[in-house]
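First comes the structure, then the notes that go with it.
For the numbers below, each heavy atom of this structure counts, side chains included, while hydrogens, waters and symmetry mates do not. All ligand and atom numbering here is 1-based and tracks the order in the structure.
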Amino acid sequence: MNHSTIANTEVIRLITIPISHYCEKVRWTLDLLKIPYIEERHVPPFHRSATSKNGGSSVPVLVTKSGNFTDSTDILHYLDTISSSGQYLYPTNVEMRQEVEELEELFDAKLGADTRNWGYFYRSGDRKTMRRAWCNSTPVLERIGFEIAFPLISAKVRQVYNITADSAASSLQGIKEIFEIVDRRLAGGKTYLVGDTISAADITFAALAAPVLLPSEHPVSVAKIEELPIEMAAVIKELQSTAAGVYALRLYRDQRRVQSSHPDRRKSSLQKVAET
Ligand SMILES: N[C@@H](CCC(=O)N[C@@H](CS)C(=O)NCC(=O)O)C(=O)O
């Protein structure tokens with residue numbers, strides 16, 4: 001690599017909360033398309049300082065030379081345009097592309113909210129679990145903030161997302177409905193939701209379903225199924241055995257490569273925040 005190449009190499013920054021499944025959707029896409037990036041992890045609510053400096057509020061935020069992107073779907077569309085890996089997430093065929101976009105929108109709007117709310121109902125009050133979910137490789141001051149303010153942060157999360165027994169039951173109902181839609185689409189032994197290759201619809205489903213499937217390849221590991229409340233573990237086992245669950249776990253096993261093109265750069269970034 002000569003100096004002009006180095007000067008022209010763009011380092012994309014991805015601002016995340018480690019466990020956020022919308023962040024995992026983007027992280028997976030970056031890894032799959034082999035696009036180099038640095039992930040900057042934050043503990044909620046301290047992420048707001050990083051996201052607001054870059055024009056956003058929630059995570060993920062992607063910071064690039066071409067501008068900042070503050071929604072996971074906008075980010076995937078942008079990444080598709082800069083992919084040089086020969087792999088693309090949106091088909092060129094107009095009808096297939098529309099199908100992918102409609103499924104992605106459905107999963108973003110319903111599945112993502114439901115899996116998060118259902119998971120938080122059981123786990124958001126558990127300090128050890130939430131430390132693993134929110135604090136992994138984040139700046140030390142934010143981790144100290146977590147230890148001091150955990151009861152407040154946890155209560156705020158339950159308030160913001162309206163986490164109650166009733167809302168958790170209704171979220172579980174919503175999750176099952178989306179799984180049934182995916183089951184039906186996969187009928188006849190289809191490998192992917194649309195066409196013959198992995199698309200944004202597949203990645204979005206698998207990443208947003210991860211909190212209720214616990215794929216072992218997920219880069220942020222929070223709990224083993226044996227450590228979960230019995231009621232929660234039973235639902236996860238049931239969902240893992242559906243056609244949609246089997247398919248998402250297969251996608252994780254076969255397609256969730258962790259990016260290796262710039263391991264040193266990525267590692268040094270995470271080490272830097274961990275050592276701050
Ligand atoms: N539609 C957004 C949803 C992102 C989202 O809901 N992010 C959550 C984490 S899973 C978040 O940042 N919550 C904290 C906040 O809004 O400040 C996307 O697809 O990017």
Side-chain donor-acceptor contact under 3.5 Å, Tyr78 with Ser66: yes
Nearest neighbour of atom 4 (C) of ligand 1 from the list Leu208, Val59, Ile17, on a heavy-atom basis: Val59
Exercise: identify the closest heavy-atom pair between Arg143 and Cys135: CD-O, 3.6 Å
Ligand 1 contact on Tyr161 by region, counting heavy-atom pairs under 4.0 Å: side chain
Pairwise side-chain contact, Leu172 with Asp114, heavy-atom cut-off 4.5 Å (strictly under): no
pair Tyr22-Thr73: side-chain heavy atoms closer than 4.5 Å: no
Nearest-neighbour protein heavy atom for atom 1 (N) of ligand 1, which is reported as residue plus atom name and distance: Asp71 OD1, 3.0 Å
Shortest non-hydrogen separation from Thr70 to Ser58 and the atoms involved: O-OG, 4.4 Å
Ser57, Pro211, Ser72: member with heavy atom nearest to atom 20 (O) of ligand 1: Ser72
Close side-chain approach of Asp108 and Lys25, heavy atoms under 4.5 Å: yes
Candidate with minimal heavy-atom separation from atom 10 (S) of ligand 1, of Pro44, Ser20, Pro45: Ser20
Under-4.0 Å heavy-atom contact with ligand 1, by part of His47 that carries it: side chain
Atom 11 (C) of ligand 1: the protein heavy-atom neighbour that sits closest, reported with distance to 0.1 Å: Ser58 CB, 3.7 Å
Nearest non-hydrogen protein atom, atom 8 (C) of ligand 1: Arg116 NH1, 3.7 Å
